[in-house]
Structure formats: structure tokens, C-alpha cells
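So the structure is just underneath, and the comments pick up after that.
Here the structure is a predicted model, which means the values were calculated and not measured.
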Amino acid sequence: QVQLVESGGGLVQPGGSLRLSCAASGGTFTNYAMAWFRQAPGKEREFVAALRWTGTNTWYADAVRGRFAISRDKSTNMVHLQMSSLNPEDTAVYFCAGGPTPILSRLRIPDAYYYWGQGTQVTVSS
């Protein structure tokens, strides 16, 4: 059974940085896509970033492009989200998601991913 466990959330001041990590276990991820989504109070879950476990392609939401970077470490089965220049609008619960690579048109859709972590809170506030 695939399990995804996020870590690294917390409170950070505007303009600061934070690195989220997702530990993946219980499966073979060669044909998987891994993604980060976020959900703020009262809002729908939204796409943040994604990558394929193999290859170099990455995808980002317009709101985070240039500030966030998604990466994966195959040796440790970890997926990271490096976040910088954070602002209060980035405050949300951040979720790691994974599953067989969806078609490109569905890559940003939550329903395209089979497995989810429990989420980690990121709060950007002074």
C-alpha cells in the first residue's frame, strides 16, 4: 500500500522560505507523477506543482512559478517543494499526491491522483 507522509510545514514570515518534504513508501514509483496541492480555508484544493518520477519535466501553477521548486530524490523516495518569497496568500494546508502518471490535460486535477498524504500546514504571517 502506497503511503505519502508530508513534513516541513510551519509558520514563516512574509518573504521567507520553507521546504516541504513528502516521504513515499510501499510502491514502485517509476511510472508515477508526484504533485503538491494546497487548500486554504473555505477554498477548493488547488494545484501547486508536479513532476514525473522519471524524466525532468516539471509543471507549476502560475501563482507559484518562479518562487517554488519541486524536486525528487530517487535514492530516498522523497519529493520536495522548496518555497521562497512566501506571502500570506500561500497560507494553506499542503498535500502531497501521487499515482500513475495522468494524461497532461489532467495533471493539475486532484481527482487524477490515487494517493494522498495527510497534509501539512503552512502559515505565512508576520
Side-chain angles (χ1 to χ4, degrees):
Q1 179 72 14
V2 172
Q3 286 191 319
L4 304 176
V5 180
E6 302 96 336
S7 61
L11 174 64
V12 62
Q13 291 188 340
S17 299
L18 209 57
R19 188 194 196 207
L20 304 183
S21 296
C22 173
S25 62
T28 302
F29 305 105
T30 305
N31 297 316
Y32 273 37
M34 302 297 294
W36 288 94
F37 287 79
R38 67 186 182 185
Q39 189 166 18
K43 294 188 176 182
E44 293 187 353
R45 193 167 297 189
E46 65 173 1
F47 171 79
V48 175
L51 52 70
R52 290 195 179 103
W53 197 258
T54 56
T56 59
N57 289 33
T58 56
W59 294 266
Y60 294 96
D62 289 344
V64 306
R65 185 175 292 110
R67 299 188 298 122
F68 290 12
I70 188 172
S71 62
R72 48 92 175 88
D73 184 338
K74 292 181 182 179
S75 65
T76 58
N77 281 359
M78 298 283 288
V79 179
H80 304 288
L81 184 69
Q82 180 67 46
M83 306 185 294
S84 59
S85 301
L86 286 161
N87 58 63
E89 289 70 38
D90 296 315
T91 295
V93 178
Y94 283 70
F95 297 91
C96 177
T101 303
I103 59 175
L104 196 58
S105 61
R106 289 181 54 81
L107 199 71
R108 300 166 187 259
I109 300 174
D111 286 349
Y113 295 88
Y114 286 12
Y115 304 105
W116 290 83
Q118 81 287 351
T120 185
Q121 176 71 45
V122 172
T123 302
V124 184
S125 175
S126 55

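- Taking a 6.0 Å sphere around NZ of Lys43, one finds it holds 12 or fewer heavy atoms contributed by other residues, nucleotides or ligands.
- Of the possible donor and acceptor atoms, one in the side chain of Thr91 sits under 3.5 Å from a partner among the backbone N and O of Val124.
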**Study point:** Test side-chain contact (heavy atoms from CB on, under 4.5 Å) applied to Arg52 and Trp59, step by step
**Key:** CA-CA 9 Å; Arg52 290 195 179 103; Trp59 294 266; 3.6 Å; yes
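- Atom CD of residue Gln39 and atom CD of residue Glu44 lie 8.5 Å apart, to the nearest 0.5 angstrom.
- Closest approach of Ala33 to Leu107, counting heavy atoms only: CB-CD1, 4.3 Å.
- The two residues Gly98 and Leu4 come nearest to each other via the heavy atoms N-CD1, 3.6 Å.
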Check your understanding: Stepwise, does the side-chain contact (heavy atoms from CB on, under 4.5 Å) test hold for Val122 with Arg38?
Key -> CA-CA 9 Å; Val122 172; Arg38 67 186 182 185; over 6 Å; no
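- Ring-plane geometry between Phe37 and Trp116 is classed as tilted, the angle between the planes lying from 30 to 60 degrees on a 0 to 90 degree scale.
- Between the Glu6 side chain and the Gly119 main chain, a donor and an acceptor come within less than 3.5 Å of each other.
- Other residues, nucleotides and ligands place more than 12 heavy atoms under 6.0 Å from the CG atom of Asn87.
- Tracing side-chain contacts under 4.5 Å through hydrophobic residues (I, L, V, M, F, W, Y), one never reaches Val48 starting from Tyr113; they form parts of separate clusters.
- Both Leu51 and Val2 sit in one connected hydrophobic cluster of ILVMFWY residues. Membership requires side-chain heavy atoms under 4.5 Å apart, directly or through other members.
- Between the side chains of Thr123 and Gln121, at least one donor N or O lies within less than 3.5 Å of an accepting N or O.
- Residue Phe47 is grouped with residue Val93 when hydrophobic side chains (ILVMFWY) are merged at heavy-atom distances under 4.5 angstrom, including chains of intermediate members.
- Hydrophobic cluster membership is shared by Leu20 and Val64, with clusters built from Ile, Leu, Val, Met, Phe, Trp and Tyr side chains linked at under 4.5 angstrom.
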Exercise for review: Kindly determine whether Val79 and Trp53 satisfy side-chain contact (heavy atoms from CB on, under 4.5 Å), including the steps that lead there.
Suggested key: CA-CA 9 Å; Val79 179; Trp53 197 258; 3.5 Å; yes
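- Atom CD of Gln82 sits about 12.5 Å away from atom CD1 of Ile70, to the nearest 0.5 Å.
- Atom OG of Ser25 is separated from atom CE of Met78 by 10.5 Å, given to the nearest 0.5 angstrom.
- Contact detail for Leu81 and Trp36: the closest heavy-atom pair is CB-NE1, 3.6 Å.
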**Study point:** Full working for side-chain contact (heavy atoms from CB on, under 4.5 Å) between Arg72 and Phe29
**Key:** CA-CA 11 Å; Arg72 48 92 175 88; Phe29 305 105; over 6 Å; no
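- Tyr32 OH to Thr54 OG1: the interatomic distance, rounded to the nearest 0.5 Å, is 13.0 Å.
- At distances below 3.5 Å, at least one donor-acceptor pair connects side-chain atoms of Thr101 with backbone N or O atoms of Asn31.
- Criterion: ILVMFWY side-chain heavy atoms under 4.5 Å apart, direct or through other members. Under it, Leu18 and Tyr60 are part of a common hydrophobic cluster.
- Counting only heavy atoms from C-beta outward, the side chains of Arg106 and Asp111 approach each other to under 4.5 Å.
- Ser17 approaches Ser85 most closely through the heavy-atom pair OG-N, 4.4 Å.
- In this structure, NE2 on His80 lies 10.5 Å from SG on Cys96, to the nearest 0.5 angstrom.
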